[in-house]
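Remember, it's a predicted structure, so these values are computed and weren't measured experimentally.
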Amino acid sequence: MDVDGDSSSKGEEEKRNAMVVILVGAPGSGKSTFCDHVMRVSTRPWVRICQDTIGNGKAGTKTQCLTSAAAALKDCKSVFIDRCNLDREQRADFVKLGNGQVDVHAVVLDLPAKLCISRSVKRVGHEGKLQGGKAAAVVNRMLQKKELPKLSEGFSRITFCQSESDVQAAVSTYRALGPQDTLPSGSFGGQKNPDAKVQLGIMKFLKKVDSPVNEVSKIDSLKDSVTNDVTKENDSSSMGQEDIRVIADEEVKRGEDLALGSLEGTSSLENIPTLAFPSISTADFQFDLQKAADIIVEKVLEFVTKHGNARLVLVDLSSGSKILSLVRAKAGEKNIDSGKFLTFVGDITRLYSEGGLRCNVIANAANWRLKPGGGGVNAAIFGAAGPSLETATMERAGSLAPGKSVAVPLPSTSPLFCREGVTHVIHVLGPNMNPKRPNFLNNDYIKGGEVLREAYSSLFEGFASIVRSQETLNKEPKEKIGSIHLEAPVDFKRSHMNQFSTADQKVKREGVYESEGNKKCKGFHEEQESKTTGAGDRSDDAENEKNNGSSSKDWGFWAQALYRIAINPEKSKSDVMEISDEIVVLNDAYPKAKRHILVLARYEGLDRLADVRKENLQLLRTMHDVGLKWAGKYLSEDNTLIFRLGYHSAPSMRQFHLHVISQDFDSRHMKNKKHWNSFTTAFFRDSEDVIEEINKFGQATIKDEYSLLKMELRCHRCRSAHPNIQRLKSHIGKCRFPFPPSLLQNGRLVVATDEDGTNQ
DNA sequence: GTTCTAGAAC
DNA sequence: GTTCTAGAAC
């Protein structure tokens, strides 16, 4: 860092290096504290422009702020714009202060509403005078208007903070800036979809770094991947299937539009060869995270300096991933080119289909026998790649020593190849610090470090050699990574993971399960009655990582009540209202609204949404129609009701079932956050959308239950936040705000119609 | 899925 | 002291 106290002689230069940092955040989000923490130790001259105090210690006007900010800049000082700046219009004039001469940054303090409210309520004598009971209403109202900043507004850098630790990281970044320093351009901190107004879970924000999940459908995710990644051309070598090509072509078109039309310049060069790799040895092999992060960054740096035309992506499934944040921080310190290395939260087997990130090579944290199973990444990759990967692997090697890797070309029949565009899997075996696993190093981190370095070297070399061979094939040297600034190390915080716990991945059901196909129940009710489906076929493999290869979910006895009814509806004690060959309709035993019924599928093997495939389309339509019929019946009795039809992403009860539920949520059984969020977040998958997705993609997007169900409590109509379920319930009893636009589309809400058949 | 309950939050 | 949450048991 170049610290220079002699400002007079360097005035011009300093002016060039001054910057405008626009804080964006609700009252109570910690904007002033942020400025204080930076300014207290910074060697750069800062001026804080605070609208709450600018009028001689009292609140002033926006114009006053603009004038003072301009004066400070003229004086070669960097400025913090400390006001809410929650919408684009409010920010625009401050962005213009940069005048193309100085960098304009945004720091977004996007903390949970509840936290902002409680801070606002508690604060005494705060400059903004926002105290007491009105704070909640004010914060809520302001958050409704919230438009997260985009680079296209004219910011050169945006930092999104969604937790206390994000804020800490941003403070450190800014306080470390000397008078001459600049920061890399781009969008940082993981808000992939700037329009998502999703917040962190309320209660846990201090205990763990939770992350939001975008409430977008798979189709939307493809769209917004375009806004971040401009596709230049389709890489025919990595695409095998017609429908993927179609999607890719659409991306190209939109991408071009975008490149012409806006500054959304966080383009990532999709065609550059990309290796996605998990952190080796830090999960089940219990390698120290700090030490591992150092080694990752060291090896990545080595690679990126040597290879211009390739990109590395460190992937982790869990959004609060410690290793990702450690690596991100260290990579930032080393100024690793963000176009060549990024971190990504998501399922390594679904990077393209669910994350919009194209990776032609993925690394597998393998076991020494190179066998499927175990848990974690290994099980996921073998599961997703299908049996052909095992065959192809065995052709190359029978086992692997720690520190070594083996690259295996994926057969073009593998779903990973067709769907994700992955051409190679590189198996890597890292050092093991877990006494229960083979080759235990007994805390010998000297040896461990060596082996881990060797593992990454071997992995990256394997990748480089694939890149070389593909370049030769294409006979056309790829364009060097361009001058357009790239977004990263960005943590996209995208998690569409199905059936994964935060720590472990389970093999996809269809992978190992001794499938009986989707036989109809009809005709074999009795034989099924006695059949247990509990434990599944656990095949523990001692040297494999934790979590056995069991593919079927362990449904407890209580969780099989619906299954028993589907098989034997006549004998059921529940109030079954309709029975056909295909479906059973019954009242939910614990209705979460005035009207809440279930339409059960009577198909053996269809336990949940994740099991549904294209061959079940007709069933989906039947269930939807039956649901509509019953909703219509209830609407004819009470035309004030509004219904929504949909599926839980990860149901607790076995047997595929459709919820038909009125949107009053007026029920004594609506008791907790999980109940609420399961019907009012993206966890609830609208029936119409599911049908569309199954039709287009052959399977439905499953939303990540672990974060969605813990989200803070928000009104499903006006989106206001509430501290607990009781307060929420008293609010929804009164709230008559129109439903959000997304729900008003695509027939997601079912309302009463008058005689003409028009909506009332 | 619900119920029960310890203990955290208020 | 009361309310509320989250985890375990069922």
Problem - A/N672 (side chain) donor-acceptor with A/K674 (main chain) under 3.5 angstrom - result: yes

Practice task
Only counting residues at least two apart or in another chain, list the ones meeting ring-ring contact (aromatic ring centres under 6.0 Å, His included) with A/F643.
Solution key: none

Exercise for the section: Output yes when A/D638 and A/R595 qualify as a salt bridge under the 4.0 Å nitrogen-oxygen rule, no when they do not. Expected result: no

Fill in the blank from the handout: Rounded to whole Å, the NZ-C1' distance (A/K674 to C/dG7) equals 12 Å

Handout entry: Protein-nucleotide distance (A/N724, atom CG; C/dC4, atom P), rounded to Å
Key = 5 Å

Problem - Any A/H669 side-chain nitrogen or oxygen under 4.0 Å from OP1 or OP2 of B/dG1 - result: no

Practice task
Using whole Å, report how far NE2 of A/H722 lies from P of C/dT5.
Solution key: 14 Å

Problem - Atom pair distance, as rounded to whole Å: CG in A/L709 and P in B/dG1 - result: 9 Å

Exercise for the section: Measure from OH on A/Y590 to C1' on B/dT3 and round the result to the nearest Å. Expected result: 9 Å

Practice task
Classify the nucleic acid contact of A/H675 as base, sugar-phosphate or nothing, counting any heavy atom under 4.0 Å across all strands shown.
Solution key: sugar-phosphate

Practice task
Output yes when at least one side-chain N/O atom of A/K592 is less than 4.0 Å from OP1 or OP2 of B/dG1, else no.
Solution key: no

Handout entry: Pairing of A/D581 and A/R602 as salt bridge, 4.0 angstrom limit
Key = no

Problem - For atom CG of A/L562 and atom C1' of B/dT2, their distance in whole Å - result: 14 Å

Practice task
Starting at atom CH2 of A/W558, determine the distance to atom P of B/dC4, rounded to an integer number of angstrom.
Solution key: 17 Å

Practice task
Take atom CG of A/L713 and atom P of C/dA6, then tell me their distance rounded to the nearest Å.
Solution key: 9 Å

Practice task
Verify the contact: side-chain N or O of A/Q726 to OP1 or OP2 of C/dT3, cut-off strictly under 4.0 Å; return yes or no.
Solution key: no

